[in-house]
Amino acid sequence: MSTRLPSLNLLTVFEAAARHLSFKNAAEELCISPPAVSHQIKVLEKQLDVPLFMRLNRAIELTPVGQTYYEEIRGALRQLNQATSRVIERQEKHAFRINSIPFITNSLLVPHIQEFQSIHPELNIQISSQIQRAGFFLDDTDVAIRHKKGDEPGLHYQALSPVLITPVCSPEYLNNQDQSGSIALQNFRLIRLSTDKHSWPYWLTAWESNFFPEEELSLDNYQAVLDAVKQGMGVAMGYLPSLLPLIEKGELVLPFPNQICKFNHLYLVYSKIEKSNPEIASFQSWLIDLVNSLWSDKKYLSESR
């Protein structure tokens, strides 16, 4: 068996194929053809003298040896990638890349990130917002803020806050409902976040409600949903405690204040191999303190199901 170290190119192709479990998707990421990926995997298997993948009819799976090899090299490849980036950027500030849910970016990070920047003036803080989960290996994400825990063995999930759900609307809209003599969900106009298919059914089930509004407006981002609610256009699902500042200011109210339920959790996520990274540790400490100072409201937790 050869002991010659495989080329970085072969390892990079293997890592992508193992991560995607698809030669086609790996090829798209690496901008080469699927046959080229397949060929380079065969070269690597021949060099190592072990099979790394099981070729099925329409899929591939890692062999036990391939799975172990993948888990051991992906961290090393990430470190090589980061080391190269640091060399290239040595004359510039070190980039600290945060991936976050769009609403959390707008409501939590943007208003307060300057506080963290003042603690670390040496960092070039970069925030990207997307609903899709960011990857960590071989990409540029240092930390991510997610609203649901995954089962990735290489990632650490630090709980930040429970996420509670209950409908919200503007005070004026609720007053109009009061004047009609009936505060019932079927009389409200629903403003729905199109990417959220679960919160309304979950809440309705939790409170054993069979009613649902007949009128509906669907929007594709939560900030637009909140803007529509503030303008008195209807009722939307509210996520607590992130909306507590708006509720405290009187911009939003809860039409059903006794009908709150636990939905999921908000997490700070980062690679386990980066757990001792002082920048990530500092950001985690700062973010936990920020969340506790802004969102600590045990009243809602005690009232939730």
Side-chain angles (χ1 to χ4, degrees), residues 101-109 111-112 131 145 147-148 159-267 290-305:
I101 307 164
F103 178 68
I104 296 299
T105 297
N106 295 334
S107 63
L108 186 66
L109 292 181
H112 301 282
I131 296 174
I145 298 176
H147 59 76
K148 188 176 182 181
L160 296 174
S161 169
V163 176
L164 314 177
I165 56 174
T166 190
V168 295
C169 64
S170 70
E172 294 77 15
Y173 191 84
L174 184 60
N175 287 337
N176 289 335
Q177 295 296 319
D178 277 335
Q179 293 174 4
S180 69
S182 175
I183 303 178
L185 187 58
Q186 68 266 30
N187 297 327
F188 285 76
R189 182 189 192 189
L190 174 64
I191 303 175
R192 179 194 293 275
L193 178 64
S194 60
T195 55
D196 179 3
K197 309 294 184 183
H198 306 291
S199 61
W200 274 108
Y202 189 92
W203 182 82
L204 289 167
T205 300
W207 295 101
E208 301 176 353
S209 174
N210 296 319
F211 301 114
F212 210 75
E214 296 182 2
E215 294 186 63
E216 181 176 313
L217 172 64
S218 180
L219 299 169
D220 65 358
N221 73 82
Y222 195 60
Q223 190 58 53
V225 169
L226 288 181
D227 290 342
V229 170
K230 291 177 186 177
Q231 293 175 30
M233 297 174 64
V235 62
M237 183 56 69
Y239 307 101
L240 304 178
S242 60
L243 293 183
L244 286 179
L246 297 179
I247 294 171
E248 291 170 354
K249 292 177 183 177
E251 296 182 32
L252 297 177
V253 294
L254 309 184
F256 310 102
N258 298 319
Q259 296 183 15
I260 302 172
C261 59
K262 295 178 182 178
F263 186 51
N264 48 39
H265 224 94
L266 195 68
Y267 296 93
L290 177 65
V291 167
N292 288 338
S293 67
L294 294 177
W295 293 353
S296 58
D297 195 320
K298 296 181 180 179
K299 169 178 175 287
Y300 288 111
L301 283 173
S302 64
E303 293 177 352
S304 63
R305 283 190 177 181

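What you are looking at is a predicted structure, and each value in this text was computed from that prediction instead of being measured.
Atom CG of N221 is separated from atom CG of L193 by 7.5 Å, given to the nearest 0.5 angstrom. A distance of 4.5 Å separates CD1 in I145 from CG in L109, rounded to the nearest 0.5 Å. Distance CG/D220 to CG/D196: 13.0 Å, rounded to 0.5 Å. Taking CD of Q223 as the reference point, atom CG of N106 lies at 5.5 Å (rounded to 0.5 Å). Of the inter-residue distances, the one linking F256 atom CZ with F188 atom CZ reads 4.5 Å to the nearest 0.5 angstrom.
For residues 223-245, every residue pair satisfying the salt bridge (Lys or Arg N to Asp or Glu O under 4.0 Å) rule, not counting sequence neighbours, is listed here: K230-E251. Annotation: ring-ring contact (aromatic ring centres under 6.0 Å, His included) contacts involving residues 227-247, sequence neighbours excluded, comprise Y222-Y239.
Closest non-hydrogen pair, I104 versus L266, comes out as CD1-CD2, 4.1 Å. Residues G234 and I191 share a closest heavy-atom pair of N-CD1, 3.6 Å. Heavy-atom minimum distance, R192 versus W200: NH1-CD1, 4.3 Å. Scanning both residues, R189 and M233, for their nearest heavy atoms gives CD-O, 3.1 Å.
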Without placing hydrogens or testing angles, list every side-chain donor-acceptor pair under 3.5 Å for residues 160-170, not counting sequence neighbours.
residue	atom	partner	partner atom	Å
T166	OG1	Q259	O	2.8
S170	OG	Y173	N	3.1

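Annotation: side chain of L294 is not in contact with side chain of L244 (no heavy-atom distance under 4.5 Å). With contacts defined as side-chain heavy-atom distances shorter than 4.5 Å, the pair H198/F263 qualifies.
For S293, the side chain to side chain contact (heavy atoms under 4.5 Å, CB included) criterion is met by L290, not counting sequence neighbours. Remark: S242 pairs with no residue by the side chain to side chain donor-acceptor pair (under 3.5 Å) rule, at least two apart or across chains. The side chain to side chain donor-acceptor pair (under 3.5 Å) search around H112 returns E115, not counting sequence neighbours.
Using cut-offs of 30° and 60° for the angle between ring planes, the Y267 and H265 rings count as tilted.
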